[in-house]
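Residue numbers start at 1 and run along the sequence shown. What you see is a predicted model, and the numbers here were worked out from it, not measured in a lab. Note that ligands are numbered from 1 as they come in the structure, with each ligand's atoms numbered from 1 the same way.
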Amino acid sequence: MSTQKQPTRNDKVTTQTVVEMKRQGEKISMLTAYDFTMAGIIDQAGVDVILVGDSASNVMAGHETTVPMTLEHMIYHTSCVVRAVNRALVIADLPFMSYQVTAKEALISAGRMMKEAGAHAVKLEGGKPIVNTIRKIVDAGIPVMGHLGLTPQSIYKFGTYKVRAKEEQEAETLLRDAKLLEEAGVFSIVLEKIPAALAAKVTESVSVPTIGIGAGSQCDGQVLVLHDMLGLNKDFSPRFLRRYADLNKSMTDAVNNYIKDVKSGDFPNKDEEY
Ligand code: KIV
């Protein structure tokens with residue numbers, strides 16, 4: 001029997017909490033956030049983990065890929081999120097080229113993310129080529145989340161955002177990489193856009209939790225980009241995306257009503273003036 005205290009909704013979520021959640025069979029909920037207001041809402045709602053993803057490049061900055069994101073951009077977004085959060089574990093993406101050149105540079109980037117932004121952990125994309133780098137960051141006391149499958153920072157290598165690891169060889173490499181990441185000390189691994197059966201195999205092969213996006217139901221947790229699941233973006237509809245609101249419509253209706261009221265002189269009324 002485990003002597004570990006069961007996490008409650010009020011306890012701060014730590015990297016140990018999410019590992020324990022896997023052991024206890026409790027699914028982990030993770031969403032992205034990039035700013036103070038949204039982060040505060042989803043933390044209050046009780047999400048376990050908030051990822052300050054470099055998807056900020058797409059949904060906040062309007063770029064087509066995550067490649068243009070800089071460490072300064074990510075430190076800014078992460079510090080906004082950290083100021084709003086009381087309970088969730090806040091993980092920040094290290095952006096493209098802030099960790100790939102040397103392990104030393106990676107450690108400096110991870111350290112800045114912790115010291116200047118207040119992140120609780122960092123996420124890096126990739127397998128075998130960055131295992132030594134991950135070991136160095138973990139050895140310095142910084143928790144690391146891995147990311148395998150569709151790794152968007154490598155979009156120019158892949159040439160497409162289609163499902164990864166459908167072929168046997170890529171699937172075997174991915175399984176090997178997951179085990180290497182676990183040995184290097186990651187506390188969790190994101191599996192993006194891979195077949196559900198492969199994600200299930202990885203999940204049962206490693207002791208650390210897997211967090212899926214487009215990777216089926218057998219992962220230990222799930223992550224979605226907040227703007228996508230809130231229906232803010234009408235034009236992005238991959239099969240894995242479930243929309244929990246239609247905020248694009250709600251916002252459009254609200255703004256249309258405001259414009260109408262301003263034009264007609266209905267806003268502001270007597271009660272709304274000094
Ligand atoms: O940047 C991001 O939002 C991510 C998630 C999709 C996992 O890495």
- Query: Which ligand 1 atoms, with their elements, are less than 4.0 angstrom from a heavy-atom of T32?
  - Reply: 3 (O)
- Task: Ignoring hydrogens and angles, tell me if any N or O in the side chain of D220 forms a donor-acceptor pair with the backbone of K27 under 3.5 Å.
- Result: no
- Message: So if I count the atoms of ligand 1 from 1 in the order they appear, which ones are less than 4.0 Å from some heavy atom of H147?
- Response: 8 (O)
- Show which atoms of ligand 1 fall inside a sub-4.0 Å distance from at least one heavy-atom site of D93. 1 (O), 2 (C), 8 (O)
- Quick check: does K123 get an N/O under 3.5 Å from an N/O on ligand 1? yes
- Any atoms of ligand 1 less than 4.0 Å from a non-hydrogen atom of G53? List them with their elements. 1 (O), 2 (C), 3 (O)
- So with a 6.0 Å cut-off around CE of M97, is the heavy-atom count from everything else above 12? yes
- Item | Protein residue, atom and distance nearest to atom 3 (O) of ligand 1, heavy-atom basis | S55 OG, 2.5 Å
- Show which atoms of ligand 1 fall inside a sub-4.0 Å distance from at least one heavy-atom site of D54. 1 (O)
- Full working for side chain to side chain contact (heavy atoms under 4.5 Å, CB included) between H147 and E192: CA-CA 7 Å; H147 185 156; E192 180 163 352; 2.9 Å; yes
- Any donor-acceptor N/O pair, T14 side chain to Q16 backbone, under 3.5 Å: yes
- Main-chain N/O of D261 paired with S264 side-chain donor or acceptor, under 3.5 Å: yes
- Task: Verify whether the ring centers belonging to Y34 and H227 lie closer than 6.0 Å.
- Result: yes
- Message: Given 3.5 Å as the limit, does a donor-acceptor pair link the side chain of N233 with the main chain of D235, or not?
- Response: yes
- Message: Just to confirm my output: which protein heavy-atom neighbour is closest to atom 6 (C) of ligand 1, and how far is it?
- Response: I213 CD1, 3.7 Å
- Would E125 count as a contact of ligand 1 if the rule is a heavy atom under 4.0 Å away? no
- Query: Identify the closest protein heavy atom to atom 4 (C) of ligand 1: which residue and atom is it, and at what distance?
  - Reply: L51 CD2, 3.5 Å
